[in-house]
Q: 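Below you will find the structure I want to go over with you.
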Amino acid sequence: MSEQEQQQPVQDESHVIAERRSKLKAMREQGVAFPNDARRTHHAADLHKDHGEKPAEELEPQAIRVGVAGRMMLKRVMGKASFATIQDSTARIQLFVTKEGIGEDLYDAFKKWDLGDIVSAEGVLFKTKTGELSVKVDQLRLITKSIRPLPEKFHGLSDQETKYRQRYVDLIVSEETRKTFIARSKIVAAIRHFMLDNQFLEVETPMLHPIPGGASAKPFTTHHNALDMQMFLRIAPELFLKRLIVGGFERVFEINRNFRNEGLSVRHNPEFTMMEFYAAYTDYKWLMDFTEQCIRAAAIAAQGTATVMYQGREVDLAKPFERLTIVGAIQKYAPHYTLAQLEDVAFLRTELKKFGEEAMAHLGLGALQLALFEETAESQLWNPTYIIDYPVEVSPLARASDTHPGITERFELFMTGREIANGFSELNDPEDQAERFRKQVEAKEAGDDEAMYYDADYIRALEYGMPPTGGCGIGIDRLVMLLTDSPSIRDVILFPHMRPEA
RNA sequence: GGGGUGGUAGCUCAGUGGUAGAGCAGCGGACUUUUAAUCCGUUGGUCGAGGGUUCGACCCCCUCCCACCCCA
């Protein structure tokens, strides 16, 4: 490269990037800078699996010829021979590159290639002095120039913000991150197989809803231009899945995104993945048994065991999940309350004020008990625990108990102090459902912006007759957090929601 | 919304009211079995942004932005 060709660094770029751009410019001048005809014959992991254990005296006479490709992650250059470590999607493999093997011109060029460049190489497998399986390279190409430098090769990327905003960089340099998302894929696949094995039909229902429904949450709104109407990103697929039960698909499930226009936290992302499933001729007790098996299957798929470690503490998914009523859970985890106190509306209101709870005047006994449960017991539910007997007033889609007035046949599943699943015997009485919707509308008009809308078509569907059905939703992100030992939901979402960069 | 912690070279991090540092990466050189290669030399900074205090601010004060954690 002549003196005249040296570029001035672009204003907002580092000299490192400017240097790499000038290398790319030189490549363009010599021909195709981004060739796409490189073909690889082997992945690194397969080479290690098939040949890694062979001693040199067995391996080298075989003269096994391989073509590999990947990103150059480490490079150790010497005068006439060098080592480079490339990384493909399966593993890393070491290249032994010599002036003798590839010729002086190419060797000199190779010395200027950068970490992060994507290369292809052909050669013969051998073992180095220290016994590392390597490729003795006789063909070598730089097939994609990397203009931006990678993070520090030993410490990697530690800045959380960059890990989330530039997940592509995080994935390049962090084996942990790659493992997390590979595990996520296995977990979702295991759940899907479990459902299919149990005669569930996988379906896809709308993400754009004319009426948001199926949960108590604030929706995102959008606008359909051609129809000139407001629409909502779904907060839950529930009401559509139950329409399918009416239609005669007796077991359905959907694994897909929900959107809720609420705050962000270590366990909330505005879009998150939920599996909902519905099975006709079952009830909430059946659902609890089934959900338990499903989660156990997912754990075994991800970790090989149903006894997992989360943040240094064991979570036992192998044992039958505990079942407690709301009041029972308070009595177990906050035993200083007497049963009489827990059934005393005035006492509960006073007690909840101490926790900073406001606007409880309209809450009935069950909702007050639930609020106290959330304050005192929820965060202590480490091992999987089903909480049952949710009050009707907070369960507008759940079937009421035939024997206990005010209570629904509903459960929520908690583990590591977090809600993981929510299920119930579905309310299939259209007149009861219509009345519940009306109460929700009243609540909405009274200022509860999480209250549900009246969905007339859903009532119409129920009027055709929905068989008795059990339905449940499992928070996939939170389950993946547990099974990958991830402290934040952002660690299990590839591109978590972030404020725009300044 | 409130509280805490952080933001310094491309990356990982030190730093002190008095001229801004290291390692890695980069650049130049040596080196044919390295392993975060090594050795010699070397470039690189609006210290998150904007105000203020001060003779002098990366440091102290205020406001704001972004992130992480806790709380509501």
Side-chain angles (χ1 to χ4, degrees), chain A residues 1 3 6-24 56 60 72-87 92-104 107-108 110-117 123 125-137 145-166 169-170 172-175 262-269 311 352-359 371 374-375 378-379 417 486-491 496-502:
Chain A
M1 185 169 57
E3 293 295 315
Q6 290 194 351
Q7 296 182 341
Q8 290 299 312
V10 179
Q11 195 75 37
D12 62 338
E13 289 185 343
S14 73
H15 70 284
V16 179
I17 293 176
E19 186 72 40
R20 289 182 175 213
R21 277 196 198 281
S22 71
K23 289 176 183 175
L24 174 59
E60 286 164 21
M72 191 160 63
M73 302 302 290
L74 292 170
K75 194 177 169 218
R76 295 173 288 280
V77 173
M78 290 168 286
K80 300 192 182 72
S82 300
F83 291 91
T85 301
I86 65 168
Q87 172 174 294
R92 294 181 171 194
I93 183 88
Q94 180 169 261
L95 306 181
F96 183 53
V97 180
T98 60
K99 185 178 281 194
E100 189 182 22
I102 61 171
E104 184 161 1
Y107 188 77
D108 286 343
F110 163 75
K111 288 203 274 190
K112 306 226 175 206
W113 295 356
D114 295 295
L115 295 184
D117 287 350
L125 291 180
F126 78 109
K127 287 274 181 100
T128 63
K129 269 199 241 179
T130 55
E132 180 167 350
L133 183 69
S134 305
V135 179
K136 188 168 287 173
V137 174
K145 183 68 195 166
S146 172
I147 291 168
R148 291 182 179 270
L150 291 177
E152 213 264 356
K153 65 186 174 188
F154 185 65
H155 298 94
L157 190 57
S158 69
D159 181 54
Q160 276 297 341
E161 183 172 356
T162 309
K163 284 167 78 77
Y164 295 150
R165 285 194 197 279
Q166 296 179 243
V169 179
D170 186 27
I172 290 169
V173 300
S174 171
E175 167 107 43
E262 294 162 3
L264 292 81
S265 83
V266 72
R267 53 189 176 279
H268 296 89
N269 195 63
Q311 304 295 293
L352 282 164
K353 282 205 182 92
K354 292 184 194 166
F355 291 102
E357 291 284 316
E358 301 294 335
E374 289 170 352
E375 291 293 346
E378 178 174 330
S379 66
S486 299
S488 170
I489 197 169
R490 293 185 187 91
D491 298 325
H497 180 77
M498 301 284 277
R499 275 198 179 79
E501 286 181 78

Q: When you compare G4(B) with G41(B), how far apart are their C1' atoms, in angstrom units rounded to a whole number?
A: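 After rounding to an integer number of Å, I get 46 Å for this pair.
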
Q: Using a 4.0 Å heavy-atom cut-off across all strands, classify I17(A) as base, sugar-phosphate, or nothing.
A: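 Touches nothing.
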
Q: Between CG of D117(A) and NZ of K145(A), what distance do you get to the nearest 0.5 Å?
A: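 Between atom CG of D117(A) and atom NZ of K145(A) there are 3.5 Å.
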
Q: When you check the phosphate oxygens OP1 and OP2 of C27(B), does a side-chain N or O of K23(A) lie under 4.0 Å from one of them?
A: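 For C27(B), OP1/OP2 do have a side-chain N/O of K23(A) under 4.0 Å.
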
Q: Output yes when at least one side-chain N/O atom of R20(A) is less than 4.0 Å from OP1 or OP2 of G26(B), else no.
A: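 For G26(B), neither OP1 nor OP2 has a side-chain N or O of R20(A) closer than 4.0 Å.
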
Q: Hey, what do you get for OG1 (T85(A)) to CD (E132(A)), rounding to the nearest 0.5 Å?
A: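 If I round to the nearest 0.5 Å, the distance is 6.5 Å.
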
Q: Given side chains that start at C-beta, do those of M72(A) and L95(A) come closer than 4.5 Å, heavy atoms only?
A: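 Result no, sub-4.5 Å side-chain heavy-atom pair not found.
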
Q: Taking for each residue the nucleotide of RNA chain B bearing the nearest heavy atom, is the 5' side occupied by D114(A) or by Q160(A)?
A: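 Comparing both residues, the 5'-ward one is D114(A).
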
Q: Determine the Euclidean distance between corresponding C1' atoms of G45(B) and G26(B); express it in Å to zero decimal places.
A: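 G26(B) and G45(B) have their C1' atoms separated by 15 Å.
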
Q: If you look at every strand shown and take non-hydrogen atoms under 4.0 Å, does S82(A) touch a base, only sugar-phosphate, or nothing?
A: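 No contact at all - S82(A) keeps every heavy atom at 4.0 Å or more from the nucleic acid.
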
Q: Whether the side chain of Q94(A) and the base of U34(B) hold a donor-acceptor pair under 3.5 Å is what I'd like checked.
A: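 Result: at least one qualifying N/O pair found.
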
Q: Closest-nucleotide mapping onto RNA chain B: is K99(A) or G156(A) further toward the 5' terminus? I mean the 5' end.
A: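 With K99(A) and G156(A) compared, the 5'-side residue is G156(A).
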
Q: So which nucleotide does G6(B) pair with, by the Watson-Crick or G-U wobble rule with both distances under 3.5 Å?
A: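 Across any shown strand, G6(B) pairs with C66(B).
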
Q: What interatomic distance, in whole Å, is found between P of U54(B) and the corresponding atom of A49(B)?
A: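 The answer is 23 Å between these two P atoms.
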
Q: Please give the nucleotide sitting opposite G26(B) as a Watson-Crick or G-U wobble pair, both distances under 3.5 Å, or none.
A: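 Base-paired to U42(B).
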
Q: Name the closest nucleotide to the V16(A) side chain, picking from C27(B), A67(B), A25(B).
A: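 Output: A25(B).
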
Q: Check whether any side-chain nitrogen or oxygen of K112(A) sits under 4.0 Å from OP1 or OP2 of C27(B), and answer yes or no.
A: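 It does not, given that no N or O in the side chain of K112(A) lies less than 4.0 Å from OP1 or OP2 of C27(B).
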
Q: Which label fits F110(A) and Y107(A): parallel for a plane angle under 30°, tilted from 30 to 60°, or perpendicular past 60°?
A: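 Because their plane-to-plane angle lies in the 30° to 60° range, the rings of F110(A) and Y107(A) count as tilted.
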
Q: Using the C1' atom in both, what is the distance from A25(B) to C58(B), to the nearest Å?
A: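 Between the two C1' atoms, the distance is 24 Å.
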
Q: Checking all strands, does V77(A) fall into the base, sugar-phosphate, or nothing category for heavy-atom contacts under 4.0 angstrom?
A: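 If one applies the 4.0 Å heavy-atom cut-off, V77(A) turns out to touch a base.
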
Q: Look at the side-chain N and O atoms of R148(A) and state whether any lies under 4.0 Å from the OP1 or OP2 oxygen of G10(B).
A: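 For R148(A), the contact criterion (side-chain N or O under 4.0 Å from OP1 or OP2 of G10(B)) is not met.
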
Q: Using atom C1' in both nucleotides, what's the gap between C55(B) and A14(B) to the nearest angstrom?
A: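 Taking atom C1' in both C55(B) and A14(B), they lie 29 Å apart.
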
Q: Has R490(A) got a side-chain N or O lying under 4.0 Å from the OP1 or OP2 atom of C69(B)?
A: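 Indeed, a polar side-chain atom of R490(A) lies that close.
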
Q: Would you please confirm or rule out a distance under 4.0 Å between OP1 or OP2 of U34(B) and any side-chain N or O of R76(A)?
A: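 Answer no for this pair, as no side-chain N or O of R76(A) is under 4.0 Å from OP1 or OP2.
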
Q: Output yes when at least one side-chain N/O atom of K153(A) is less than 4.0 Å from OP1 or OP2 of C24(B), else no.
A: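 So the side chain of K153(A) is outside the cut-off, no N or O lying under 4.0 Å from OP1 or OP2 of C24(B).
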
Q: Pairing check on U54(B): which nucleotide meets the Watson-Crick or G-U wobble criteria with it, both distances under 3.5 Å?
A: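 Matched U54(B) with nothing under the 3.5 Å cut-off.
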
Q: For the CG atom of D108(A) and the CD1 atom of I102(A), what is their distance to the nearest 0.5 Å?
A: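 Taking CG in D108(A) and CD1 in I102(A), the distance rounds to 9.0 Å.
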
Q: Base, sugar-phosphate, or nothing: which does S158(A) touch, judged by heavy atoms less than 4.0 Å apart?
A: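 Here S158(A) touches the backbone only, sparing every base.
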
Q: Hey, does the side chain of K129(A) come within less than 4.0 Å of U33(B)'s phosphate (OP1/OP2), counting only N and O?
A: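 No.
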
Q: As a test of reading the structure: which of U33(B), C69(B), A25(B) is closest to the side chain of V266(A), going by heavy atoms?
A: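 Comparing U33(B), C69(B), A25(B) against the side chain of V266(A), the answer is C69(B).
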
Q: So does T98(A) reach the base of U32(B) with its side chain, donor to acceptor, closer than 3.5 Å?
A: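 In this structure, the two groups form no donor-acceptor pair.
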
Q: What does G21(B) pair with, Watson-Crick or G-U, if both distances are under 3.5 Å?
A: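 Paired with G21(B), as far as the under-3.5 Å criterion goes, is C13(B).
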
Q: Using purine N1 to pyrimidine N3 plus N6-O4 or O6-N4 for Watson-Crick, or N1-O2 and O6-N3 for G-U wobble, both under 3.5 Å, which nucleotide pairs with G1(B)?
A: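 C71(B) - that is the nucleotide pairing with G1(B), both distances being under 3.5 Å.
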
Q: Say we look at G3(B) and A22(B): how far apart would their C1' atoms be, to the nearest angstrom?
A: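 That atom pair is separated by 35 Å.
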
Q: Look at the side chain of E152(A) and decide which nucleotide, out of C68(B), U32(B), G23(B), has an atom nearest to it.
A: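 So the side chain of E152(A) is nearest to G23(B).
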
Q: When the C1' atoms of G23(B) and U33(B) are considered, how many whole Å apart are they?
A: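 After rounding to an integer number of Å, I get 26 Å for this pair.
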
Q: Is any side-chain N or O of R165(A) closer than 4.0 Å to OP1 or OP2 of A67(B)?
A: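 For A67(B), OP1/OP2 do have a side-chain N/O of R165(A) under 4.0 Å.
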
Q: Answer whether the closest heavy-atom distance between the side chains of I17(A) and R148(A) falls below 4.5 Å.
A: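 Contact flag for I17(A)/R148(A) side chains = yes.
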
Q: Sticking with atom C1', work out how far C27(B) lies from C59(B), rounded to a whole angstrom.
A: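 It works out to 33 Å between them.
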
Q: Keeping Q94(A) on the side-chain end and F83(A) on the backbone end, is there a donor-acceptor pair under 3.5 Å?
A: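 It does not hold such a pair.
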
Q: Please pick, from G10(B), U33(B), U32(B), the nucleotide with the shortest atom-to-atom distance to any side-chain atom of A81(A).
A: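 Closest nucleotide to the A81(A) side chain: U32(B).
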
